[in-house]
Amino acid sequence: MTNMIQNAKDQAASLAMEAYRAAAADGILPQAEVHTAPVEIPRDAANGDFTTTFALAASKALRQPPRAIAQALLDHMKLEGSYFASAEIAGPGFLNFRLGQRWYEDVCAAVEREGADYGRSDSLRGQKIMVEFVSANPTGPMHMGNARGGVLGDTLASVLAACGADVSREFYVNDAGHQIDKFAHSIEARYLQIIQGEENVPFPEDGYQGGDIRDLAQGYYDQNGDKLLHVPAEERQKALADYGLSVNLPKMKSDLRRYKIEYDTWFYESTLHDSGAVAETAALLTEAGWTYEKEGALWLKTAEIMRRNLLKAGKKEKDIEKLDLKDDVLRRANGFYTYFAADIAYHRNKFAVRGFDRVINIWGADHHGHVARLKGALDALGLNGSEKLDIVLMQLVKLLRDGELVRMSKRTGKAISLSDLLDEVPVDAARWFFNAKPDTQMDFDLGLAVREDSENPIYYVEYAHARICSLVEKLAQEGLAVPAPGTADLSLLTAEAEQALIKQLAAWPDTIRMAARAYDPSHVNRYLMDLAGCFHRFYTACHIRQEAENLAAARLKLADNTRIVLKNGLALIGVDAPEHM
């Protein structure tokens with residue numbers, strides 16, 4: 001797909017190199033091993049639209065002052081037929097290019113031609129990538145961290161797919177291990193309390209205290225009475241845990257579907273244990289010499305693995321010693337495998353069994369200590385976890401109302417869950433606000449999220465789209481329709497506000513590329529805010545109704561191109577593009 005900014009950069013580099021070769025052929029500059037002309041966009045638009053540091057970079061090889069080199073390039077540069085109207089020397093030897101009208105026209109033509117595909121690329125084509133996100137314990141309702149991780153993971157997956165990757169969204173269901181055991185004991189205690197009285201049945205000290213556990217116990221009792229009262233405790237706990245999961249998992253799926261998230265795979269931890277994959281993974285680590293037994297438990301030589309990796313990365317021995325690296329238990333003395341062992345087996349399944357080229361996990365920042373250990377374990381298995389596994393750590397979320405911290409739901413009187421949030425805030429607003437830069441703590445302002453004015457960023461962007469749709473509709477009623485493809489005279493779009501808007505349209509493909517490269521889909525939000533701002537300024541400065549028909553048609557085409565890109569961007573975040581507001 002078309003990337004007009006990259007096209008202009010490539011052309012500027014080519015013009016500079018051709019000018020150098022021409023100057024060298026004339027004997028003005030010496031022949032030297034100069035292969036590229038780096039091109040950037042100046043921070044200050046007064047310095048042109050694009051600039052090359054060729055003269056500065058080649059000064060040593062050519063043994064001439066940068067400005068003299070730049071002048072030789074300028075004297076031999078042929079801009080005819082290019083995207084550039086002019087070039088000029090600035091500062092110590094920068095060569096600045098200014099865009100000509102053809103480039104602006106070609107940007108508009110690309111948006112018109114590619115439509116819903118504008119901005120997409122094939123830069124990641126051939127890569128099979130998994131994005132695993134949320135993966136909340138099914139022992140209770142999803143919280144604000146899950147809400148943030150949900151939209152970050154979902155939008156990142158969309159961004160990667162827009163770059164041509166084969167992307168799979170996955171939820172890892174922790175339906176085995178310690179937390180499920182605790183879940184079972186918690187429901188069991190509440191169930192027995194219903195039958196025998198709270199004063200007669202102690203509640204586990206580390207049990208889950210939430211009201212949802214009481215609801216699950218009551219729900220089972222209402223359906224089945226005391227049928228589990230006299231069965232063995234192990235059978236009773238399994239039945240109650242299975243019942244709890246049968247209620248919680250569909251609720252999680254429905255809440256996530258309401259949040260506009262659909263997964264390709266729900267992967268159950270229990271399948272790893274049932275299939276023997278966890279034991280097999282531990283055996284492979286043992287065969288490779290990375291485990292040892294101590295006090296009946298099987299340990300992974302985590303400290304040695306991480307030390308090896310840190311030395312490879314250039315870390316000094318004395319600095320490594322300060323880290324106090326420790327080994328990890330894979331199998332406890334009672335024969336049960338740890339969560340860490342299951343996690344290694346799960347990621348081995350991702351790479352070795354299902355063949356993903358890259359795996360991206362969205363985790364809370366409190367998991368930062370787990371990152372290097374897991375990557376190291378995969379390295380020990382020969383799966384190159386250091387290179388192929390990427391972890392995006394997201395910071396905490398604070399909910400605010402009128403500047404005050406909010407912890408409890410008005411409706412339920414309990415800690416606010418994802419479901420409670422979506423009862424109070426529109427889904428699109430929640431997705432917009434949670435798609436913030438992952439490595440920064442965020443304040444979610446409940447009041448701002450429902451405001452219908454320009455202070456609310458999602459309203460501001462959606463309003464720009466709706467404004468264009470209304471404009472197109474009204475002008476069509478007055479006899480001015482959006483011009484058919486290739487019929488508008490785009491050479492008329494020379495006003496400052498028009499060209500600023502076109503430049504912003506041109507930046508969309510690069511925005512997607514940067515979001516994919518940085519694993520930061522918040523690039524999309526910032527872009528859309530800038531695009532909406534550019535459109536509102538264009539709409540104020542450049543009238544349509546009052547102008548001659550050909551100019552009005554060109555401006556209407558530009559407005560409609562903006563509508564297309566706004567819709568494309570909102571779609572990546574999973575947000576609607578309303579036609580009326």
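In this chain, numbering begins with 1 at the start of the sequence shown.
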Asker: Picking from D49, I5, V107, what satisfies side chain to side chain contact (heavy atoms under 4.5 Å, CB included) with K503?
Answerer: D49

Asker: Kindly give the heavy-atom pair with the smallest separation between M77 and A87, and that separation in Å.
Answerer: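 Heavy atoms only, the tightest pair is SD-CB, 4.2 Å.
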
Asker: Tell me if the aromatic rings of F444 and F433 count as close, with their centers under 6.0 Å from one another.
Answerer: yes

Asker: Go through it in stages, so that I can follow the logic: the residues are K388 and D357, the test is side-chain contact (heavy atoms from CB on, under 4.5 Å), and I'd like the CA-CA distance, side-chain angles, deciding distance and then a yes or no.
Answerer: CA-CA 7 Å; K388 297 171 68 175; D357 299 305; 5.5 Å; no

Asker: Would T562 and V565 count as a side-chain contact (heavy atoms from CB on, under 4.5 Å) if you check the C-alpha gap in whole Å, the side-chain angles of each, and the deciding distance to 0.1 Å?
Answerer: CA-CA 5 Å; T562 305; V565 179; 6.0 Å; no

Asker: Does the distance from a Lys or Arg side-chain N to an Asp or Glu carboxylate O, for R431 and D428, drop under 4.0 Å?
Answerer: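 No, no charged N to carboxylate O under 4.0 Å.
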
Asker: With sequence neighbours left out, which residue pairs that include part of residues 462-485 fulfil the ring-ring contact (aromatic ring centres under 6.0 Å, His included) condition?
Answerer: Y463-H536

Asker: For a side-chain contact (heavy atoms from CB on, under 4.5 Å) check, start with the C-alpha distance between L399 and M144, then their side-chain angles and the critical distance, and finish with the verdict.
Answerer: CA-CA 8 Å; L399 287 183; M144 290 303 99; 3.8 Å; yes

Asker: Quick one about N7 and Q11 (side-chain donor to acceptor, distance below 3.5 Å, no hydrogens or angles considered), yes or no?
Answerer: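 Looking only at side-chain atoms, N7 and Q11 do not form any donor-acceptor pair under 3.5 Å.
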
Asker: Check whether the side chains of E114 and T2 place a donor and an acceptor atom closer than 3.5 Å, and report yes or no.
Answerer: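 Indeed, the side chains of E114 and T2 share at least one donor-acceptor pair under 3.5 Å.
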
Asker: Looking just at side-chain N and O atoms, do N96 and T51 make a donor-acceptor pair shorter than 3.5 Å?
Answerer: yes

Asker: Heavy-atom count around D402 CG within 6.0 Å, excluding the residue itself: above 12?
Answerer: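 Atom CG in D402 is not crowded, with 12 or fewer foreign heavy atoms closer than 6.0 Å.
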
Asker: For F54, what residues pass the ring-ring contact (aromatic ring centres under 6.0 Å, His included) criterion, not counting sequence neighbours?
Answerer: Y20

Asker: Do NZ/NE/NH1/NH2 and the carboxylate oxygens of R401 and D445 come within less than 4.0 Å?
Answerer: no

Asker: Please tell me whether Y346 and Y172 form a close aromatic pair, meaning their ring centres lie under 6.0 Å apart.
Answerer: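 Yes, they do, as the ring centres are separated by less than 6.0 Å.
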
Asker: May I ask you to check whether Y263 and F133 place their ring centres under 6.0 Å from each other?
Answerer: yes

Asker: Determine the minimum heavy-atom distance between E112 and A484, stating which atoms define it.
Answerer: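 Closest approach of E112 to A484: OE2-O, 4.1 Å.
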
Asker: Indicate yes or no: does R526 engage D520 in a salt bridge with an N to O separation below 4.0 Å.
Answerer: yes

Asker: If I compare all heavy atoms of P138 with all of N174, which pair ends up nearest, and what's the gap?
Answerer: CD-O, 3.5 Å

Asker: Begin from the C-alpha positions of D560 and R555 and carry the test salt bridge (charged side-chain N to carboxylate O under 4.0 Å, His left out) through to its verdict.
Answerer: CA-CA 9 Å; D560 196 55; R555 287 178 173 172; over 6 Å; no

Asker: Is there a side-chain hydrogen bond (donor to acceptor under 3.5 Å, both in side chains) between K350 and N361? Walk through the geometry before answering.
Answerer: CA-CA 12 Å; K350 292 179 181 184; N361 295 344; 3.2 Å; yes

Asker: Tell me whether the centres of the aromatic rings in H368 and W363 are closer together than 6.0 Å.
Answerer: no

